[in-house]
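First comes the structure, then the notes that go with it.
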Amino acid sequence: MFGMITNFVDELRWRGMIQDITPGTEEQLAKEMTAAYVGFDPTADSLHVGSLIPIMLLMHAQRAGHKPIALVGGATGMIGDPSFKADERKLLDEETLQKNIDGISKQLSMFLDFNSGNNKAELVNNYDWMKEFSFIGFIRDIGKHISVNYMMSKDSVKKRLETGISFTEFSYQLLQGYDFLHLYREKNCLLQMGGSDQWGNITTGTELVRRVTGGSAFAFTCPLLTKSDGGKFGKTESGTVWLDPNRTSPYEFYQFWLNASDQDASKLIRLFTFCEKSTIEDLERQHAEAPHLRILQEALAKDITIRLHGAEEYEMAVAASRILFGKSTADDLKRLSEKQFLEIFNGVQQATISRNEFEEGIGIIDALSAKTGFLKSNGEARRDLQSNAISVNKEKVGENYTLNHSDLISDKFILLGKGKKTNFIIVVE
RNA sequence: GGGGAGAUACUCAAGCGGUCAACGAGGGCAGACUGUAAAUCUGCUGGCUACGCCUUCACAGGUUCGAAUCCUGUUCUCCCCA
């Protein structure tokens, strides 16, 4: 895929993805194929929806004919980035780090083309070049070029001066800066991209390149994503939304996007899809006319879910959503085959009850807490029942309900619901 | 080293000898209304074999018929002086 080389900054600009940009960046991108890199922090063995933004930056770069480089911070992950963190971070051991790097690399390969064209993506690990660096060598060859005054003037450091920052974390920006220098020399990488919280670290890199080599390196950052209600993006009640389907099921992933507020949806569809400007504006018009249909959220959720998990998983998530949130009845549920049922409710919390026990009759309170652990206590079960929150196969039940044969779906499942959004499955075996 | 203040449930914060499973606010969960939204209104928010019982107010003892409340010691936090 040797496409035309284009300056993709304008594209990113209308999508609201440019916060800070160094002078001359656009000229460089218009001139020739440019290698651009983004760093990923290996703090977990999976990326989450927040990491999709830097991934999108790399994808945009590749689509514009430039060469994307994804850097995983095997070395920097051992240090911990102090940027906008209140406390000193825990250090990861090498084994965990390696596991995390493997997981992340696998996910990146789903988004970027690592195989074809002369702008194929590349994956690098800064541990590979940092591990040989001696402390003496580093402070002599690198530390000499950057003054402490310069490093202290960074926001990320300044904010920590009052509460305290270790030398380790203080040095972080130098390590990250060296990554840029290394990639500049070894891979002719001229551009670094990242979230705006990285601006300080990134400019240390461009500065280092300038002072050491006399050449020029470029950078831009993307605004950090905030939700219109002030909450943290990428989290739901049940925690972080991961890309790994074993951590966050495709259904939950789909639901995450579908539940975006109107205000956020407009922003998100620009950030996370490749839809063209006119398409998006069209969708927004339709959405404004009939907000209850949530056209934007549907389009957004569809685009991203298919890209990450594939069309089949997407269909399944939609089917599950219809059954769970549409006006489906116990009869609809009972018509499902065992296979369909399991696919739709993949990822929903389950518990097993033996057939013998079931035959003896199980009260709804036991079924919610003691026998299954879905709820923390009988008291909680009782309270929810009293407030009319509990349903068996989509039908509300009271405190005295006892599960029986006619509740079984495919002769083995029972769907319990708490409120509109929480479901549990009992498997009778 | 000397002096002072404090530690209450997820968080903030009342209570200062019985009426305290503990005011209130925030958060969370649920119900109604809705668009699986927002706003609003309502209920719930220690446990249980549940109109009663049990365990909780930093920890360990003590005084008392009775303690989150009083006393002693311990740990921790904050402030002032050196």
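Reckoned from all heavy atoms, side chains included, excluding hydrogens, waters and symmetry mates. Within every chain, numbering begins at 1; the chains are lettered A, B, ... in the order of the sequence lines, protein sequences first and strands thereafter.
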Sub-3.5 Å pairs of nitrogen or oxygen atoms, protein against nucleotides 40-44 of chain B:
unit_1, atom_1, unit_2, atom_2, d
B/rC44, O2', A/R383, NE, 3.2

Quick one: do A/D45 and A/R247 satisfy salt bridge (charged side-chain N to carboxylate O under 4.0 Å, His left out)? Show the steps, please. CA-CA 10 Å; A/D45 64 4; A/R247 282 183 177 240; 2.8 Å; yes

Just name whichever nucleotide pairs with [N], Watson-Crick or G-U, keeping both distances under 3.5 Å, else none.
N: B/rA13; answer: none
N: B/rG6; answer: B/rC76
N: B/rU40; answer: B/rA32
N: B/rA82; answer: none
N: B/rC53; answer: B/rG47

Ring centers of A/F272, A/W257 separated by less than 6.0 Å: yes

Tell me if the aromatic rings of A/Y251 and A/F345 count as close, with their centers under 6.0 Å from one another. no

Using atom [atom1] in both nucleotides, what's the gap between [N] and [M] to the nearest angstrom?
N: B/rU69; M: B/rA21; atom1: C1'; value: 16 Å
N: B/rA13; M: B/rC78; atom1: P; value: 15 Å
N: B/rG17; M: B/rA22; atom1: C1'; value: 15 Å

Give, ordered by number, those residues of residues 279-295 of chain A having at least one heavy-atom distance below 4.0 Å to an atom of RNA chain B; if nothing qualifies, reply none. A/P291, A/H292, A/R294

Quick one: sort the A/F8 and A/H66 rings into parallel, tilted or perpendicular, breaks at 30° and 60°.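 Ring orientation of A/F8 relative to A/H66: tilted.
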
In terms of relative ring orientation, are A/F180 and A/Y37 parallel, tilted or perpendicular, with 30° and 60° separating the classes?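 Judged by the thresholds at 30° and 60°, the geometry between A/F180 and A/Y37 is perpendicular.
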
Checking all strands, does [X] fall into the base, sugar-phosphate, or nothing category for heavy-atom contacts under 4.0 angstrom?
X: A/Q297; answer: base
X: A/L258; answer: base
X: A/N388; answer: sugar-phosphate

For a side-chain contact (heavy atoms from CB on, under 4.5 Å) check, start with the C-alpha distance between A/L308 and A/M110, then their side-chain angles and the critical distance, and finish with the verdict. CA-CA 8 Å; A/L308 180 65; A/M110 297 167 60; 3.8 Å; yes

Among residues at least two apart in sequence or on other chains, which ones pass side chain to side chain contact (heavy atoms under 4.5 Å, CB included) with A/A219?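 For A/A219 the side chain to side chain contact (heavy atoms under 4.5 Å, CB included) partners, ignoring immediate neighbours, are A/T22, A/W199, A/I202, A/T206.
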
Given the rule in the side-chain hydrogen bond (donor to acceptor under 3.5 Å, both in side chains) test, do A/Q98 and A/D102 qualify, once you have shown the distances and angles that lead to the verdict? CA-CA 6 Å; A/Q98 193 50 51; A/D102 292 344; 3.1 Å; yes

By nearest atom, which of the nucleotides B/rA30, B/rA37, B/rU36 is closest to the A/F325 side chain?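 Side chain of A/F325 sits closest to B/rU36.
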
Of the options B/rU36, B/rA37, B/rA30, whose atoms approach the side-chain atoms of A/K418 most closely? B/rA30

We want to know whether A/T221 and A/Q19 form a side-chain donor-acceptor pair, criterion being a heavy-atom distance below 3.5 angstrom. no

Show, in sequence, the C-alpha distance, side-chain angles and deciding distance for A/E11 and A/R15, and conclude whether the salt bridge (charged side-chain N to carboxylate O under 4.0 Å, His left out) test is met. CA-CA 7 Å; A/E11 167 88 14; A/R15 289 182 184 274; 2.9 Å; yes

Apply ring pair (Phe, Tyr, Trp, His ring centres under 6.0 Å) to A/Y254 and list each qualifying residue two or more places apart in sequence or on a separate chain.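 Residues passing ring pair (Phe, Tyr, Trp, His ring centres under 6.0 Å) with A/Y254: A/Y314.
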
Could I get the full list of salt bridge (charged side-chain N to carboxylate O under 4.0 Å, His left out) partners for A/E122, not counting sequence neighbours?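 A/E122: salt bridge (charged side-chain N to carboxylate O under 4.0 Å, His left out) contacts with A/K67, A/K187.
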
For B/rC54, does the glycosidic angle fall within 90° of 0 (syn) or outside that (anti)? anti

I need a per-nucleotide contact map over nucleotides 48-54 of chain B, read 5' to 3'. Cutoff is protein heavy atoms under 4.0 Å; write B for the base, S for backbone only, - otherwise. SSB----

